[in-house]
Amino acid sequence: MGSWVHTSLSFTAIALLHLLVLVSGRKPTGARRSRSSETSTGTCDFFNGRWVLDEEEYPLYHPSTCPFIEREFSCEKNGRADQDYTKYRWQPHDCNLHRFDGKAFLEKNRGKSFMFVGDSLSRNQWQSLTCLLHSAVPTAEYNVTRLGDVSNFEFPDYGVKVMLDRNVYLVDTVREQIGRVLKLESIEGGKLWKGINTLIFNTWHWWNRRGPSQPWDFIEVGGKIIKDMDRMLAFEKALTTWGQWVDTNVDPAKTRVFFQGISPSHYNGTDWGEPRARTCEGQKEPLLGSTYPGGLPPAVGVLKTALRKITKPVTLLDITNLSLLRKDGHPSIYGLGGRPGMDCSHWCLCGVPDTWNEILYNFLL
């Protein structure tokens, strides 16, 4: 990982450098990103860009500097030999992202709390952030605790807490006499989120689960108990309930709210122009360009509609398209279950979730 270097180049050299980047997608040796003066609320769209191979400054940390990466995300340790998937940098078209600086993050946020709320994709991003921070201050004391569904990674020297609340639907699932009930208009679990300085929510991947992996037996909506309903409508209803919670409970002067966009899976090569690919196994490069051939998942539209209904400020980490381009970034056979548990939903660490957190960092600057 390189440091920031100011290089004196003639106008002609700069033009040639830009041409090389456009043609090859690779960053020439010795080139460094300049810091952007644009802010997250200015003219730059952080989510419209392309992936560039950056072998000098990426990855942002090495797995060996983060000894607590969970096995399902620890692709290198599980036998993945190729390394390029760790070295891609997301490059917005209209600006540069500030490179993640873990020590600066901790200094700026002394005494602050962060909480990811959601499913295993939230855990993926939470684990990434703990690695980014720990690798930046490897000698700093840290404590990892868990109480119920809440995990807490704390840096006592900075008073910074980075927490994870496992809550796959955001709304409540309650065990009653008839069985487990998914309550689309109840969000008692929100008691845990009050008083947190930065909240990053996520839900989607569990909404289409059926059979033994479905963690509920009935749905309660509109004062009625039903056996099932259209899952996209259920997703929309839950997001509406969550949005009402935000409007009722969040003080924007004390708490900043983000929503982690829909994280995509890669189980059908037709979507990215390889009809023979049935999974993400063997994928070693992202898609070039800025557009995913298969288009966006319908859940993205539902999410954006729900967010527009909220009156309090909520920032969407709109990571769907940039993640769709990373068919190479999943554990595949190098996850928790090996080949039988082919994983094209979660992401290797180091890898794509580090970019999600780098974008989050830029919003927080």
Side-chain angles (χ1 to χ4, degrees), residues 1 21 23-27 47-63 66 69-92 97 100 120-121 124-125 127-128 131-132 205 260-297 317-339 341-359:
M1 294 181 286
V21 171
V23 171
S24 68
R26 291 173 176 255
K27 186 186 206 184
F47 307 105
N48 186 18
R50 61 193 175 92
W51 290 100
V52 178
L53 189 64
D54 186 340
E55 297 178 290
E56 293 191 28
E57 293 192 353
Y58 284 73
L60 293 169
Y61 59 90
H62 191 271
C66 187
I69 295 178
E70 295 181 41
R71 184 182 167 193
E72 64 185 295
F73 311 139
S74 189
C75 301
E76 182 178 318
K77 194 172 183 179
N78 293 335
R80 183 167 180 173
D82 63 298
Q83 292 289 308
D84 277 359
Y85 72 95
T86 71
K87 300 172 183 176
Y88 281 95
R89 166 172 58 82
W90 179 248
Q91 177 61 59
L97 289 170
F100 190 95
S120 54
L121 276 308
N124 220 169
Q125 189 176 0
Q127 181 97 95
S128 161
C131 288
L132 287 164
H205 274 241
Q260 178 204 54
I262 306 299
S263 176
S265 300
H266 291 91
Y267 287 102
N268 184 357
T270 301
D271 290 342
W272 64 83
E274 291 184 51
R276 294 184 180 181
R278 297 183 178 180
T279 69
C280 61
E281 183 180 358
Q283 298 294 327
K284 296 182 179 180
E285 295 180 345
L287 289 169
L288 299 178
S290 304
T291 304
Y292 188 67
L296 298 174
L317 293 176
D318 197 5
I319 51 86
T320 307
N321 187 64
L322 67 86
S323 302
L324 278 167
L325 299 173
R326 292 303 305 274
K327 56 188 174 62
D328 61 313
H330 299 288
S332 69
I333 62 174
Y334 304 107
L336 189 61
R339 187 175 297 275
M342 177 66 65
D343 186 353
C344 298
S345 295
H346 298 102
W347 304 92
C348 295
L349 294 179
C350 40
V352 174
D354 303 326
T355 294
W356 302 349
N357 281 318
E358 195 163 38
I359 293 173

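All heavy atoms count here, side chains included; hydrogens, waters and symmetry mates do not.
The minimum heavy-atom distance linking Arg50 with Val52 is given by the pair NH1-CG2, 3.5 Å. Taking each heavy atom of Trp272 and Tyr292 in turn, the nearest pair found is CE3-OH, 3.3 Å. Closest approach of Leu325 to Gly289, counting heavy atoms only: CD1-O, 3.6 Å. Minimum interatomic distance between Ser323 and Trp347 (heavy atoms only, all atoms of both residues): O-CH2, 3.3 Å. When all heavy atoms of Asn357 and Ser128 are compared, the closest pair comes out as ND2-OG, 2.9 Å. When all heavy atoms of Arg80 and Asp328 are compared, the closest pair comes out as NH2-O, 2.9 Å.
Checked by atom type and distance alone, the side chain of His205 pairs as donor or acceptor with a backbone atom of Ser263 at under 3.5 Å. The main-chain N or O of Phe100 is found under 3.5 Å from a side-chain atom of Glu358 such that the two form a donor-acceptor pair. Looking at Ser290, its side chain does come within 3.5 Å of a backbone N or O of Gly49 through a donor-acceptor pair.
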- [ ] Let me see the working for Trp51 and Arg89 under side chain to side chain contact (heavy atoms under 4.5 Å, CB included), right down to the final yes or no.
- [x] CA-CA 6 Å; Trp51 290 100; Arg89 166 172 58 82; 5.7 Å; no
Open item on the list: Apply disulfide (SG to SG under 2.5 Å) to residues Cys75 and Cys348 and explain how you reach the verdict.
Closed with: CA-CA 6 Å; Cys75 301; Cys348 295; 2.0 Å; yes
Task: Cys131/Cys350 under disulfide (SG to SG under 2.5 Å): CA gap, chis, key distance, verdict - done: CA-CA 9 Å; Cys131 288; Cys350 40; over 6 Å; no
- [ ] Kindly indicate, with the supporting measurements, whether the criterion side chain to side chain contact (heavy atoms under 4.5 Å, CB included) is fulfilled by Val352 and Tyr85.
- [x] CA-CA 8 Å; Val352 174; Tyr85 72 95; over 6 Å; no
Task: side chain to side chain contact (heavy atoms under 4.5 Å, CB included) evaluation trace for Arg71 with Asn78 - done: CA-CA 8 Å; Arg71 184 182 167 193; Asn78 293 335; 3.8 Å; yes
Task: His266 and Asp271: CA distance, side-chain angles, deciding distance, side chain to side chain contact (heavy atoms under 4.5 Å, CB included) verdict - done: CA-CA 8 Å; His266 291 91; Asp271 290 342; over 6 Å; no
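The pair Glu281-Arg339 meets the salt-bridge criterion, since a charged nitrogen lies less than 4.0 angstrom from a carboxylate oxygen.
Between Pro286 and Lys327 there is no side-chain heavy-atom pair separated by less than 4.5 Å. Under the 4.5 Å side-chain criterion, counting only non-hydrogen atoms from C-beta, Gln125 is in contact with Leu317. Side-chain atoms of Leu97 and Trp90, non-hydrogen and from C-beta on, do get closer than 4.5 Å to each other.
Interatomic distance, Gln83 CD to Glu55 CD, rounded to the nearest 0.5 Å: 11.0 Å. One distance of note links OG1 of Thr291 with CG of Asn48; it measures 8.0 Å at 0.5 Å rounding. The CD atom of Gln127 lies 11.0 Å from the CG atom of Leu132; values are rounded to the nearest 0.5 Å. To the nearest 0.5 Å, atom CG of residue Leu324 and atom CD1 of residue Ile262 are 11.0 Å apart. In this structure, OG on Ser120 lies 6.5 Å from CD on Glu72, to the nearest 0.5 angstrom. Atom NE2 of His330 is separated from atom CG of Asp343 by 8.0 Å, given to the nearest 0.5 angstrom.
The aromatic rings of Phe73 and His346 lie tilted to each other, with the angle between the two planes from 30° to 60°.
Under the side chain to side chain contact (heavy atoms under 4.5 Å, CB included) rule, Asp354 has a single partner from Leu349, Thr86, Ile359, which is Leu349.
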